[in-house]
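Take a look at the structure below.
Fair warning: this is a prediction, and the values are worked out from it, not measured in the lab.
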Amino acid sequence: MRGSSSISEARWFAVTITLTTLSAITISAAAYIFKRKCNSLKSKINELESSLISCSDKCASERQGRIRAQKLLRKQLTQPKSQNPNLTSYPMIPIGTVHSCFSTRYGTPRQPLLVPLARACLVFNTTRVPPASLEGLADYSHCWIIYVFHLNTDLEKMWKHPSQSGFKAKVRVPRLKGGRMGVFGTRSPHRPCPIGLTVAKVEAVQGNMILLSGVDLVDGTPVLDVKPYLPYCDSIQDAVVPNWLMEDNLFSVASISFSEDFASSLENCWIMAEKKSLYASPGEFQSLVTQVLAWDIRSLSQRIRPHDVILKKEKDQLLGDTSDVDEHLDETAFVRDREQNSPNSMEVIYHLILEGLDVSYKIDHDGNVIVEKVSTFAVLDNKINSSYNYLTWKDKLR
């Protein structure tokens, strides 16, 4: 019995030794495999680190190359060309276009926010400005707009030699009743570079469009940039202006009234106009007319000599020579003959074109405005795009 017990113990001992040996071998094999994997991973990490360093060096080299190229480009742009010493330009291209209620320059406010109901739709070129660029703009109440005075009558001066351009250092100022002031002391659109700056209220943002109000922009204005208005730095509490700008009522009219025919003529025109208008109803459009005509929108020449600036009667032409007037506004005024060969028989009828509608009115010597009627203005009718009408913005208006 003792012999059998000894044999069993020996077998168990042998089995134990075998299992222990196998475990040691397994652990060694696992450790070897783990070590190989670690070395392989470490090798891959080293390769990735080397590749990252190489890419970083390449990016840094490319960045330095771009910086050198940009410096060279700026140098070339700012230095006049030898063959044309006056040709110095920068690559600035309009990024959007304004579709405004003001169909012509005549009647477009002299400053922003004077006509709260004056609306415009700013449409961006999506090839240059993706719609995502407008994210966050709707959170601001107002924005700055940098644009081009594209309807200036003297743009050709920019391409002429300074000695031949005829650029005027001083312009006539309406508030000075024709007195002259240095161009940089005014907001005249006729500047060495015809770039304008205005502020407008942001009513809504949708896709690649902004609905604005309080604008002083004519239809078709090219836009160069839009920036949000920041009250904490854009509004200067202690700002000072010259005394000649302090007379607030200089351009205000005495009264505005509408003829008996106005409402019916507007209703007839609205059947066609409402599909393309930025306004909800004939009543709202009439309020726009009231706000625009609350200021005497005539040029200095028209106010001083209303009959002298009238040259033709045809509706499809812009009348009067405004080459020496501050705003160079379209002199849209026509004559109604009461009695022939009578010096006092001529009555001046002015025509304000809003939303492609021709609003005719007259103003007496005391500043009383009488709005007579509304008719369609076929020449401008096709310029109004129905894609930017009131219904487009109805659900987004605040």
Side-chain angles (χ1 to χ4, degrees), residues 92-103 105 107-150 187 189 195-237 239 274 276-281 283-285 287-292 294-295 354-356 383-398:
M92 293 187 183
I93 299 175
I95 59 174
T97 304
V98 171
H99 299 271
S100 170
C101 64
F102 298 107
S103 303
R105 289 177 295 174
T108 303
R110 291 182 172 89
Q111 302 297 339
L113 306 180
L114 292 180
V115 180
L117 270 177
R119 292 176 187 161
C121 180
L122 172 53
V123 182
F124 291 92
N125 181 349
T126 54
T127 61
R128 295 187 175 276
V129 180
S133 305
L134 301 181
E135 283 186 16
L137 183 61
D139 296 331
Y140 295 88
S141 65
H142 294 76
C143 67
W144 293 107
I145 301 170
I146 302 173
Y147 62 97
V148 178
F149 289 111
H150 69 300
R187 291 194 174 187
I195 297 175
L197 173 66
T198 189
V199 66
K201 184 178 179 182
V202 179
E203 295 286 354
V205 176
Q206 179 173 290
N208 65 321
M209 302 183 295
I210 308 173
L211 180 64
L212 304 166
S213 65
V215 300
D216 59 345
L217 300 170
V218 69
D219 189 62
T221 296
V223 171
L224 299 175
D225 196 13
V226 173
K227 302 178 187 294
Y229 178 89
L230 305 178
Y232 73 89
C233 61
D234 290 342
S235 178
I236 304 173
Q237 299 298 323
E274 67 175 337
K276 303 179 180 181
S277 177
L278 285 167
Y279 298 89
S281 65
E284 191 176 29
F285 180 82
S287 298
L288 170 67
V289 174
T290 301
Q291 289 186 7
V292 173
W295 302 88
L354 294 173
E355 297 272 272
K383 293 184 179 181
I384 309 299
N385 194 317
S386 59
S387 301
Y388 320 126
N389 62 8
Y390 174 79
L391 294 178
T392 303
W393 300 98
K394 181 179 179 181
D395 296 332
K396 286 185 171 289
L397 288 175
R398 299 168 180 173

task: Quick one: do Tyr390 and Tyr279 satisfy side-chain contact (heavy atoms from CB on, under 4.5 Å)? Show the steps, please.
output: CA-CA 6 Å; Tyr390 174 79; Tyr279 298 89; 5.9 Å; no

query: Roughly how far, to the nearest 0.5 Å, is the CG atom of Leu113 from the NZ atom of Lys201?
result: 10.0 Å

- prompt: To the nearest 0.5 Å, what is the distance between SG (Cys101) and CG (Leu217)?
  reply: 10.0 Å

task: Output yes when a side-chain donor or acceptor of Ser100 lies under 3.5 Å from a complementary backbone atom of Ala120, and no otherwise.
output: no

statement: Tested for side chain to side chain contact (heavy atoms under 4.5 Å, CB included) against Pro109, the lone hit among Thr198, Val292, Val215, Asp216 is Asp216

message: So Tyr147 and Ile195, do their side chains get closer than 4.5 Å, heavy atoms only?
response: no

query: Of all heavy-atom pairs between Leu137 and Cys143, which one has the smallest distance, and what is that distance?
result: CD1-CB, 4.3 Å

message: How long is the straight-line distance from CG of Leu134 back to CE of Met209, given to the nearest 0.5 Å?
response: 10.0 Å

field: Asp225 vs Trp144 side-chain heavy atoms within contact, under 4.5 Å
entry: no

statement: Rounding to 0.5 Å, atoms CG (Leu197) and CD1 (Ile145) come to a distance of 9.5 Å

statement: So CD1 of Ile210 and SG of Cys121: to nearest 0.5 Å the spacing works out to 8.5 Å

message: Using every non-hydrogen atom in the two residues, find where Pro131 and Gly207 come nearest and quote the distance to one decimal.
response: CB-O, 3.7 Å

- request: Output, in order, the C-alpha distance, side-chain angles, deciding distance and verdict of side-chain contact (heavy atoms from CB on, under 4.5 Å) for Glu203 and Arg119.
  value: CA-CA 9 Å; Glu203 295 286 354; Arg119 292 176 187 161; 5.8 Å; no

task: Heavy atoms only: give me the nearest Ile93-Arg128 pair and the separation to one decimal.
output: CD1-NH2, 3.3 Å

message: Once you measure the plane-to-plane angle for His99 and Tyr388, does it fall in the parallel (<30°), tilted (30-60°) or perpendicular (>60°) bin?
response: tilted

task: Quick one: closest heavy-atom pair of His150 and Gly220, and the distance?
output: NE2-O, 3.4 Å

query: What heavy-atom pair brings Leu117 and Gln291 nearest, and what distance separates the two atoms?
result: N-OE1, 2.8 Å

message: Looking at Glu274, is its backbone amide N or carbonyl O close enough to the side chain of Ser277 to form a donor-acceptor pair, meaning the two atoms are under 3.5 Å apart?
response: no

message: Which heavy atom of Tyr229 sits nearest to which heavy atom of Ser235, and what is that distance?
response: OH-CB, 3.5 Å

message: For Asn208 and Thr126, which I'm curious about, is there any donor-acceptor pair between the side chains at under 3.5 Å?
response: no

- line: Taken to the nearest 0.5 Å, the spacing of Glu284 CD from Leu278 CG works out to 9.5 Å

